[in-house]
Amino acid sequence: MPSCPLCDTRVEAANHIESYVSPFNNEEYKLYHCSNCDLQWWEPLRSVSPEFYEQELEVKEGYILLHEGIDRKIGKNHEVFFKYIPLKTGRLLDIGCGDGLFLEEAKRRGYEVWGIDIDRNSIRVCQEKRGLRNTFVMAPQDFAEFCQKEGLKFDIITFFEVLEHQDKIIEFMEAAKSILKLGGWIAGSVPNRNGRQVKIVGKYTIIDFPPEHPLRFSSVALSNLLYKVGFHNHHIIPLYLSIYEDAYYLTLRLLRLFGDNIKNTRKICYRLFGSESLRDILKAPAKARIYNTIKYVKNSLLMPIVLVFRVIYRESHVLYFQGELLQKN
C-alpha cells in the first residue's frame with residue numbers, strides 16, 4: 001500500500017488518479033493524491049541517477065543550454081528571490097545550482113556563494129566558464145555530512161526547481177536545515193501542478209512527469225511541507241512565466257497530436273538541419289541563428305491561441321517560497 005512521502009498517510013494501491021508510461025525508460029508510473037497534506041506523487045517513487053540529467057534528455061533544450069552555459073539572464077524565480085529575501089549578504093548555498101547563473105549573480109551582489117549539483121556537466125560549467133570555485137558534484141545529504149564535519153553553516157540555502165525531483169523529501173529538507181544557521185532562510189521554487197502550463201500542455205508529454213519529477217506540488221502541499229520541517233514563518237508567491245513560455249507548452253501539445261514528442265522533435269530537426277541532435281544544432285552558430293529565428297516565427301504565429309489560453313487559465317506557472325528558521329527541533 002503506497003504511503004505519502006510527506007505525511008505517511010496510506011493510500012489504497014488501486015486508488016491512483018492517473019497512469020503514465022515514460023518514453024525515457026518505458027516504465028509505467030501511477031499518480032497518487034494525499035487527501036491529508038495535498039501532495040501528489042508517482043509510484044514507483046524514486047529519483048533518477050545523475051546520468052539521466054547528463055544525457056540531456058535527448059531533446060530538452062533547457063538541459064543543453066545548461067551544459068553549455070549559454071543562458072545569460074536569470075529566471076523570474078531568481079529575480080523574486082533578490083527582491084524579497086531579507087538577508088542581502090551572507091553565505092549562500094544553492095542546491096541544484098545547475099550552470100551557476102544564479103550563483104554568478106548572487107556573487108555579483110555580494111553573497112559568498114557555494115553550490116552543489118549531481119550533474120557533473122553543470123558543475124563543469126560553474127567552474128570552467130563562470131569561475132565559481134565552491135561548487136561540487138555532490139548529493140545534498142552527502143554535502144550536509146561534509147559541512148557538519150567541517151563546522152560549515154549557511155545564512156541562506158536555495159533550491160530552485162529541485163523539490164519536485166526528490167524521492168525522500170523530508171530527508172532532503174532535514175539535511176538542508178541541519179546546515180542552516182538559526183535565523184537563516186531557505187528559498188526556492190517548484191512547478192505549480194495546477195498551473196497554466198499543465199492546462200496548455202495537457203497529458204502525456206515530457207513536462208512534469210516521472211522519472212524526472214516524482215512529486216507534484218500545490219500551494220497547500222508546499223505550505224504543509226514547509227510547516228512540517230519547521231519553517232512556520234514562510235511565504236509562498238505565485239509566479240507567471242512569459243508568453244513565450246506558454247508558446248513552448250502549446251508547441252508540445254501540438255507535437256503530441258502527431259505522436260511522440262521526442263520522435264517528432266527529432267524528425268523536425270533532421271528535416272531542417274540534417275541532424276537529429278539538438279545539441280549539435282545549438283552549438284553551431286549559423287544553425288543556432290536559424291533555429292532561434294524559426295522558433296521566434298513559430299511563437300509569433302501561436303500568439304493568438306496562447307492569448308486565449310492565458311485568458312481562460314489564470315493559475316500561476318511556478319510557486320516561489322521562502323521561510324526563516326526560527327528554532328531548531
Side-chain angles (χ1 to χ4, degrees), residues 5 39-42 47-48 50 52-54 56-57 60-67 69-71 73-82 84-85 92-106 113 115-119 121-123 125-126 135 139-140 156-169 172-173 175-176 185-198 201 205-219 221-222 225-226 234 236-242 244-246 248-249 252 315-323:
L39 183 71
Q40 290 183 358
W41 77 97
W42 293 92
S47 295
V48 296
F52 182 82
Y53 302 105
E54 292 169 3
E56 298 168 346
L57 306 188
K60 291 193 75 171
E61 182 179 336
Y63 281 99
I64 296 170
L65 297 176
L66 197 71
H67 293 161
I70 294 174
D71 283 340
K73 185 178 180 181
I74 60 174
K76 282 194 174 182
N77 47 2
H78 303 145
E79 293 174 357
V80 171
F81 167 84
F82 289 119
Y84 289 109
I85 199 71
L92 182 153
L93 168 66
D94 188 27
I95 299 177
C97 63
D99 67 352
L101 185 63
F102 166 71
L103 286 179
E104 188 176 57
E105 177 63 20
V113 298
I116 59 170
D117 203 296
I118 61 172
D119 178 0
N121 289 332
S122 292
I123 294 298
V125 175
C126 285
T135 52
I156 303 172
I157 299 178
T158 58
F159 21 89
F160 298 99
E161 315 304 301
V162 169
L163 296 184
E164 66 274 13
H165 294 259
Q166 306 305 312
D167 59 349
K168 299 177 181 177
I169 187 64
F172 171 90
M173 293 294 291
W185 287 77
I186 59 165
S189 56
V190 295
N192 180 5
R193 73 164 189 251
N194 300 313
R196 180 188 296 147
Q197 75 278 15
V198 178
V201 173
T205 69
I206 57 175
I207 295 295
D208 203 24
F209 278 88
E212 188 182 8
H213 291 179
L215 302 182
R216 285 183 172 178
F217 289 91
S218 65
S219 58
L222 181 58
L225 169 64
L226 297 174
H234 62 259
I236 298 174
I237 301 173
L239 297 183
Y240 295 85
L241 303 182
S242 73
Y244 295 103
E245 292 282 350
D246 284 340
Y248 167 69
Y249 296 128
L252 290 177
E315 284 275 3
S316 69
H317 299 82
V318 175
L319 301 170
Y320 170 84
F321 62 89
Q322 62 183 40

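Keep in mind that what you see is a predicted model, and the values were worked out from it rather than measured.
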request  = Ignoring hydrogens and angles, tell me if any N or O in the side chain of H165 forms a donor-acceptor pair with the backbone of P214 under 3.5 Å.
outcome  = no

ask   = Do the side chain of D117 and the main chain of G98 share a donor and acceptor less than 3.5 angstrom apart?
value = yes

Which atom of [X] lies closest to which atom of [Y], heavy atoms considered:
| X | Y | answer |
| --- | --- | --- |
| N77 | S189 | ND2-OG, 3.0 Å |
| A106 | L92 | CB-CD1, 4.5 Å |
| M173 | L163 | SD-CD2, 3.8 Å |
| A187 | I85 | CB-CD1, 4.3 Å |
| E315 | N192 | OE1-ND2, 3.5 Å |

request  = Under the ring pair (Phe, Tyr, Trp, His ring centres under 6.0 Å) rule, collect the residues that match up with F81, sequence neighbours excluded.
outcome  = F102

key: With sequence neighbours excluded, residues passing ring pair (Phe, Tyr, Trp, His ring centres under 6.0 Å) with Y84   = none

Is any side-chain heavy atom of [X] closer than 4.5 Å to a side-chain heavy atom of [Y]?
| X | Y | value |
| --- | --- | --- |
| P5 | K168 | no |
| K73 | E79 | yes |
| F321 | F159 | yes |

request  = Could you walk me through whether F82 and E105 pass side-chain contact (heavy atoms from CB on, under 4.5 Å), step by step?
outcome  = CA-CA 10 Å; F82 289 119; E105 177 63 20; 3.6 Å; yes

query = Any side-chain donor-acceptor pair under 3.5 Å between D94 and T158?
reply = yes

inquiry  = Distance alone, cut at 3.5 Å: any donor-acceptor contact between the side chains of S47 and Q166?
reply    = no

key: Stepwise salt bridge (Lys or Arg N to Asp or Glu O under 4.0 Å) check, R193 with D208   = CA-CA 8 Å; R193 73 164 189 251; D208 203 24; over 6 Å; no

To the closest 0.5 Å, what do you measure between [atom1] ([X]) and [atom2] ([Y])?
| X | Y | atom1 | atom2 | answer |
| --- | --- | --- | --- | --- |
| E164 | L215 | CD | CG | 8.0 Å |
| H213 | R216 | NE2 | CZ | 10.0 Å |
| I236 | S218 | CD1 | OG | 8.5 Å |
| Y320 | L222 | OH | CG | 11.5 Å |

ask   = Are C126 and C97 close enough, and set up right, to give a side-chain contact (heavy atoms from CB on, under 4.5 Å), and what steps lead you there?
value = CA-CA 9 Å; C126 285; C97 63; 4.0 Å; yes

Any residue meeting side chain to side chain contact (heavy atoms under 4.5 Å, CB included) with [X], in chain and number order, not counting sequence neighbours:
| X | value |
| --- | --- |
| Y244 | S242, Y296, N299, M303 |
| Y240 | R196, S316, H317 |
| P140 | I95, I116, F172 |

All side chain to side chain donor-acceptor pair (under 3.5 Å) counterparts of [X], not counting sequence neighbours:
| X | answer |
| --- | --- |
| T135 | none |
| E104 | R130 |
| W185 | none |
| H78 | none |

request  = Verify side-chain contact (heavy atoms from CB on, under 4.5 Å) between V318 and V190, making sure each step is shown before the conclusion.
outcome  = CA-CA 6 Å; V318 175; V190 295; over 6 Å; no

query = Should L93 and I156 be marked as a side-chain contact (heavy atoms from CB on, under 4.5 Å) after you check the CA-CA gap, both sets of side-chain angles, and the distance that decides it?
reply = CA-CA 6 Å; L93 168 66; I156 303 172; over 6 Å; no

